[in-house]
Structures are given as structure tokens and as C-alpha cells.
J.: 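Got a structure here, written out as C-alpha cells. Questions coming.
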Amino acid sequence: DHRDLHYPLRRQRQMCIRDRFYRRVAFGLSPNDKPDKDPLNWALNQLDTIPNLLWPGTIPTEKELRKKYGEWVYGDREVLRKKFKNDKHAYRKAKDELRIKTGERYFELNEHAIRHYQTKYSKQPVFERFWLFWGNHFAISEKDFLAEFSTGPYQREIIRPNMVKTFEEMVQSVTTSWCMIHHLDNSESFGPNSKKGMEWRETINENHARELLELHTVSPNAGYTQDDVIQLAYIMTGWAHKWDRKNLETGDIWFDQEMHQKGDKIVLGVKYKNDAKRELAKVIHDLATHPICIKFVSTKLCRHFITDEPTEDMINPVIEAWNKSNGSLIEIHKAVITQAYKHNENTHKFHPPEIWLMQLSRMFDLNIPLSSEKMNYSFSSKPNRRQRQLSWILREIGHSPYRAKQPNGWSDFEADWVSPELLLRRFWFSSVELPILVKSGNRSHDFILACLKNNFEDHENMASLIENFRFGTLDYDLGQKYGVICNLPGVLKA
């Protein structure tokens, strides 16, 4: 049969699609993972349900951490600054003690451990990749100790549960969450003709309205104007934290009628009649179902999973799934994965540093994150070096996930990650720090070869590059091997 002559070529092509696909939409295969005969079906079956968080250690709730944040803010602002206003040295010492007591130096480290443990051990790694995407789409930038206390639980309790609902429901939850309202200063936005606005001579803050339009829904492609931003800000007035002397700005979110701008508003040509707290849900419905929003977010999804410049034939099936399902994120995610599989052979996607690190941890079974027992914190001393290690690595490779510099989050474009400095940081990590993280039973040359074979169609050529380093077992020899392997184009991108 003439078809037999082409079997090796077909088999090689199938392997190419399979191996790269596991790293494109997930985190590669661990030494214990076996490739699925149907990778696309394997991926699609992971998107219908929310996997449980696997971290066996402490997972504090958003309210618990907000309370700790309140203790920190109140203790610093209302107690220490007044008590030591004439003694800067004593103030610094007392503030360091407060950091320890409230966990200000610890909770972000624990959140990184929860996040990385999930991506390393989850049986639904494709779901976890979408979790990372949405957390970055609705980013919380580095501000007001949010990374220390709030961003992690916000991504766990606001983003994650909404990933099996509709995009509109996710936008509603995000927009009225404590973390986002504090991040974008909506509690400082007063309707000029509201009771409190007139009494206190306050006016609107446009931050939240602008980002809802620009970053979260319709994007500048909708052609909105400054008047639209102002009108949306009017609609959003009243959504604020409950402030009191003890909790300060860390109280629950509610709708304060006395802050709300009265009267009708017009956003993108649609009139919203005066309807108090119900106005926001109505405008979010219109924004989240707007055709320009659907195309904008669909393009971002394709950019994250397929290529920096996705084409119309990649994006349109996602838009179609969005419209057919009324914005069901399950169906949208499945359409994205289907397109990622379809275009897996003829496109490449460069991985930002955190995803690259997560893939290395899963593929080579690295000793991160630290075990939950060793992550326990006594609130009596500073976190130790090992507890700080994962967060330190993320910072050193240039991608601390809860500390985006701007509200638009971390970039998905390759050009923003391939500077000589950032590439040198990856090389430094893989050749100097990674060998320290290799488990004692995994330090052999054969183990590396087995991991390469499990994840890369080009594993034989990759192995040949480190053949000369196979006789050593010292960290230096491992550093040479991993320094070469982890920075090959086929590892940096999928």
C-alpha cells in the first residue's frame, strides 16, 4: 500500500502537533503524565468544571486577608505614625514588627505557592491556563499593598468561580469586587449632584469607568469619547467600600445612594434612565455583549494561546461560539482550544517568564513550590529564605504575577519579553538556580532525556546538545545542561 510509505512522516507530524500542544495550552507533561491519544479531546474535557484548589496548606479567604490588610493599614496609619511621629528610627522598627504580626511579608508568598502548586499538579491544566489569562485580563496592578493581601484571593474567589459562567457575569463580579473597586478608586468617586458630593464638594473619579471601557470590555475600538467615560463614571458612583474608623477602606462593598449621581446617563449612544444601583448591571450587559467587545476579547484569547497576530480565520470561530452560547465562557474556551489545535503546526507562541517557569517545574518535577508544611508561618519572625524563594525567582526573571506595573496587566506580545536582559535572566535562572531545585532522585542524565522525550518531538537533537555534559552530577554540570535546554527556541515557545 503506497500509504505505508508516508506513515513515518504522518506519525512525525502527529507527534509534533501533540507535543507542542501540551505546552501551548497547558504546562507540558510531568514525568508521570502519559500523552493522550486524542490531545484535543483531552484539552476540551478539562473546561466544563472548576477543579478544586489542591494546595494542602493554608488558603485564607478574601475576607480573612482583607481583615489582615485592615490591621496593617490601621496599625500603620492610625497608630504607629502618630505614636512615633518624632522618632523615625523607632517608627521603622515598629513598622517592621507590624509587617510580621499582620503577615504583610508572607501572604503574597503563600499565594504564589497556591498558584504554582495548582499549575504543577492539577488534572485540568488547560483550565488553569485560562485562569492565568483571566487574572491578567482583569489585572490588579502593583498598588496600595494589594499584591500582599488582596490580589491572590481576588483571583481565587472572583475570577475562578466565574470561569464556568458567562463573560457578562464575570465582568459583573469583577467590577463590583472589593479589590477592583479599591484598585481603581471607585470609592473616591462622588456624583457632583449627589448628597455627599454636594456636601463634601467632591466629584467623580474616572479610573474605574475608563478601565471598564478600555481594558475589560469594548476597548478603544468602540470609539468612545471622554463624555462616555464621564457618563459611565456617573453610573458607577455609589459602588464603594463601607468606611469606618476601625476598618478604614477595607470594609465590604455596598451601594451608597448618597454618593450616586442622579439623572439619566448616555453611554455609547444608549440612554440609561435614573435607576440607582441597577444602572451598572444594565450598562455592563450592553458592554459585555457588544460586538466590538466580543471581537476584542476573542482576539486577546487567540493572541494568548495561538500567535501574537491572530488572523480572522482564527478569531471568527471564537466569536461564533460566543454568539451561539450567549457568552458562555466554557464554549468560548473550547473554541479557543480548538483553534489552537488547528493552528498548532503552523504557528508558535512565546511564553512569558511565569508560564515558562511553571512548565519547567511540571516537566522536570522541580522542587517548587515549597511544601505546605514548610510554608507555615508563625507571625513571629520574617519569612525564611526558602519561603521567599519562589517569589524571589519570579521577581528575578521579570514576571511577578500580582505586580503588573499598569492596569492592563502583563504583555502577551513576544517583543516585550525578548530583550537581552530578560533572556539573560532566564539563562541565569536555568543554569544557576534551577539545578538547586532538581530533586535528589532526578539528577541523572537519563532523567533529563526521559523528560525531553515526553515533551518534545525534537528530543534527540536536544539531547545531543548536552551529550558532552553527561558524566557529571554536580550542580555545575546540571547547570550546563539545563542552561542549554531551557533556553532553546522550542522550550521558550510552543
J.: Shortest non-hydrogen contact from Ile253 to Thr176?
T.: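 Shortest heavy-atom contact: CG2-O, 3.7 Å.
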J.: Determine the interplanar angle of the Tyr482 and Phe364 rings, folded into 0 to 90°, and report it as parallel if under 30°, tilted if 30 to 60°, perpendicular if over 60°.
T.: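 Correct class here is perpendicular.
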J.: Are Lys246 and Tyr74 in a cation-pi setup, meaning NZ or CZ lies under 6.0 angstrom from the ring centre and within 45 degrees of the ring axis?
T.: yes
J.: So, the side chain of Arg403 versus the backbone of Glu142: is there a donor-acceptor pair under 3.5 Å, distance only?
T.: no
J.: Should the ring pair His182 and His241 be called parallel, tilted or perpendicular, given that the plane angle runs from 0 to 90° and is split at 30 and 60?
T.: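 Tilted: the ring planes of His182 and His241 meet at 30° to 60°.
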J.: Check whether the side chains of Glu211 and His183 place a donor and an acceptor atom closer than 3.5 Å, and report yes or no.
T.: no
J.: With rounding to the nearest 0.5 Å, note down the distance linking OG1 in Thr237 to CZ in Phe190.
T.: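 Output value for this atom pair is 10.0 Å.
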J.: Name the orientation class of the two ring planes belonging to Tyr69 and Trp178 (parallel below 30°, tilted from 30 to 60°, perpendicular beyond 60°).
T.: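 Plane angle over 60°, so perpendicular.
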J.: Evaluate the side-chain proximity of Pro192 to Gln261: yes if any heavy-atom separation is below 4.5 Å, no if none is.
T.: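 Sidechains of Pro192 and Gln261: in contact.
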J.: Would you say that more than 12 heavy atoms from the other residues, nucleotides or ligands in this model lie under 6.0 Å from the NZ of Lys262, or not?
T.: no
J.: Does the side chain of Gln172 pick up a donor-acceptor pair with the side chain of His285 at under 3.5 Å?
T.: no
J.: How about Glu78: does its CD atom have over 12 heavy atoms from other parts shown lying under 6.0 Å from it?
T.: yes
J.: Between Glu128 and Arg160, is there a side-chain N and carboxylate O pair less than 4.0 Å apart?
T.: yes
J.: Verify whether one side chain among Tyr22 and Asp33 offers a donor that lies under 3.5 Å from an acceptor in the other.
T.: no
J.: Among Lys382, Arg99, Lys95, which one satisfies salt bridge (charged side-chain N to carboxylate O under 4.0 Å, His left out) with Glu104?
T.: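 The passing option is Arg99.
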J.: State whether the number of non-hydrogen atoms from other residues, nucleotides or ligands found under 6.0 Å of Lys67 atom NZ is greater than 12.
T.: no
J.: To the nearest 0.5 Å, what is the distance between CD on Glu258 and NZ on Lys195?
T.: 4.5 Å
J.: Rounded to the nearest 0.5 Å, how far apart are CG of Leu268 and CG of Leu232?
T.: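 Atom-to-atom, Leu268:CG and Leu232:CG are 8.5 Å apart.
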J.: I need the minimum non-hydrogen distance between Val297 and Thr217, along with the two atoms involved.
T.: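 Distance-wise, the nearest heavy atoms are CG2-O, 4.3 Å.
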J.: Is there side-chain contact between Arg362 and Ser30, with heavy atoms separated by less than 4.5 Å?
T.: yes
J.: Would you say the ring centroid of Phe130 lies under 6.0 angstrom from that of Phe305?
T.: yes
J.: So, is the end of the Lys68 side chain (NZ or CZ) under 6.0 Å from the ring centre of Tyr106 and within 45° of the ring's axis?
T.: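 No.
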J.: Any luck finding a side-chain donor-acceptor pair between Asp76 and Tyr91 under 3.5 Å?
T.: yes
J.: Could you walk me through whether Lys101 and Glu71 pass the salt bridge (Lys or Arg N to Asp or Glu O under 4.0 Å) check?
T.: CA-CA 9 Å; Lys101 182 180 178 181; Glu71 292 173 9; over 6 Å; no
J.: To the nearest 0.5 Å, what is the distance between CD (Glu206) and CG (Leu213)?
T.: 10.5 Å
J.: Checking Asn110 side chain against Thr58 main chain: does a donor-acceptor pair fall under 3.5 Å?
T.: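 Flag set: sc Asn110 to bb Thr58 pair under 3.5 Å.
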J.: Going from CG on Asn136 to CH2 on Trp131, what distance comes out if it is rounded to the nearest 0.5 angstrom?
T.: 13.0 Å
J.: Walk me through whether Asp87 and Lys93 qualify under salt bridge (Lys or Arg N to Asp or Glu O under 4.0 Å).
T.: CA-CA 10 Å; Asp87 189 342; Lys93 182 179 179 181; over 6 Å; no
J.: Check for a donor-acceptor pair, side chain of Gln118 on one end and backbone N or O of Ile114 on the other, with a separation under 3.5 Å.
T.: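 Absent.
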J.: So do Ile266 and Asp227 actually touch side chain to side chain, heavy atoms under 4.5 Å?
T.: no
J.: Backbone N or O of Val283 within a donor-acceptor pair of the Asp286 side chain at under 3.5 Å?
T.: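 Side chain of Asp286 to backbone of Val283: no pair is present.
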J.: Side chains of Asp48 and Lys334: closer than 4.5 Å at any heavy-atom pair?
T.: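 They are in side-chain contact.
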J.: Looking at every heavy atom in both Glu157 and Pro161, which two are closest together, and how far apart are they?
T.: O-CG, 3.3 Å
J.: Show the nearest heavy-atom pair for residues Arg105 and Asp96, with the distance to one decimal.
T.: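 Minimum heavy-atom separation between Arg105 and Asp96: NH2-OD1, 4.2 Å.
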J.: Give, for atom CZ of Phe127 and atom NE2 of His333, the distance between the pair rounded to the nearest 0.5 Å.
T.: 8.0 Å
J.: Can you tell if the side chain of Val318 reaches within under 4.5 Å of the side chain of Ile332, non-hydrogen atoms only?
T.: yes
J.: Would you indicate whether Lys295, at its atom NZ, is surrounded by more than 12 heavy atoms from other residues, nucleotides or ligands within a distance under 6.0 Å?
T.: no
J.: For residues Asn162 and Glu169, report the shortest heavy-atom separation together with the two atoms involved.
T.: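 That would be OD1-O, 3.6 Å.
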J.: Within a strict 4.5 Å, meaning less than it, do heavy atoms of the Ile158 and Gln155 side chains meet?
T.: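 No, side chains not in contact.
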J.: Any heavy-atom pair between the side chains of His89 and Phe84 that's under 4.5 Å?
T.: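 No; the side chains remain at least 4.5 Å from each other.
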J.: So, do Met259 and Ser187 sit near enough that their side-chain heavy atoms are less than 4.5 Å apart?
T.: no
J.: Quick check on side chain to side chain donor-acceptor pair (under 3.5 Å): which of His116, His112, His399 does Glu354 satisfy it with?
T.: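 In the set His116, His112, His399, the residue that makes a side chain to side chain donor-acceptor pair (under 3.5 Å) with Glu354 is His116.
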J.: Taking the six-membered ring for Trp, are Phe145 and Trp72 ring centroids under 6.0 Å apart?
T.: yes
J.: So, does Thr151 use its side chain to make a donor-acceptor pair with the main chain of Leu146 at under 3.5 Å?
T.: yes
J.: May I have the step-by-step check of side-chain contact (heavy atoms from CB on, under 4.5 Å) for Leu366 and Val438, ending in yes or no?
T.: CA-CA 5 Å; Leu366 300 181; Val438 176; 4.2 Å; yes
J.: Kindly indicate, with the supporting measurements, whether the criterion side-chain contact (heavy atoms from CB on, under 4.5 Å) is fulfilled by Ile337 and Gln46.
T.: CA-CA 11 Å; Ile337 292 301; Gln46 297 179 33; over 6 Å; no
J.: Could you walk me through whether Asp144 and Phe149 pass the side-chain contact (heavy atoms from CB on, under 4.5 Å) check?
T.: CA-CA 10 Å; Asp144 291 352; Phe149 291 101; over 6 Å; no
J.: Between Trp134 and His137, what is the ring plane arrangement, given parallel below 30°, perpendicular above 60°, and tilted in between?
T.: perpendicular
J.: Any donor-acceptor pair under 3.5 Å linking the side chain of Gln387 with the backbone of Lys374?
T.: yes
J.: If we ignore hydrogens and angles and just use 3.5 Å, is the side chain of His208 paired with the main-chain N or O of Thr175 as donor and acceptor?
T.: yes
J.: Is a donor on one side and an acceptor on the other found under 3.5 Å between the side chain of Arg425 and the backbone of Glu396?
T.: yes
J.: When you look at Ile100 and Tyr377, which way does the side-chain contact (heavy atoms from CB on, under 4.5 Å) test go after all the steps?
T.: CA-CA 10 Å; Ile100 293 168; Tyr377 185 60; 3.5 Å; yes
J.: Going by atom types alone, do Arg210 and Gln226 pair a side-chain donor with an acceptor below 3.5 Å?
T.: yes
J.: Would the distance check show the side chain of Asp365 and the main-chain N or O of Lys439 forming a donor-acceptor pair, the cut-off being under 3.5 Å?
T.: no
J.: Examine distances only and state if a side-chain atom of His304 and a backbone atom of Lys300 form a donor-acceptor pair shorter than 3.5 Å.
T.: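 No: the side chain of His304 does not pair with the backbone of Lys300.
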J.: Please name the pair of heavy atoms, one in Asp308 and one in Ala415, separated by the smallest distance, quoted to 0.1 Å.
T.: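 Looking at all heavy atoms of both residues, the shortest contact is OD2-N, 4.5 Å.
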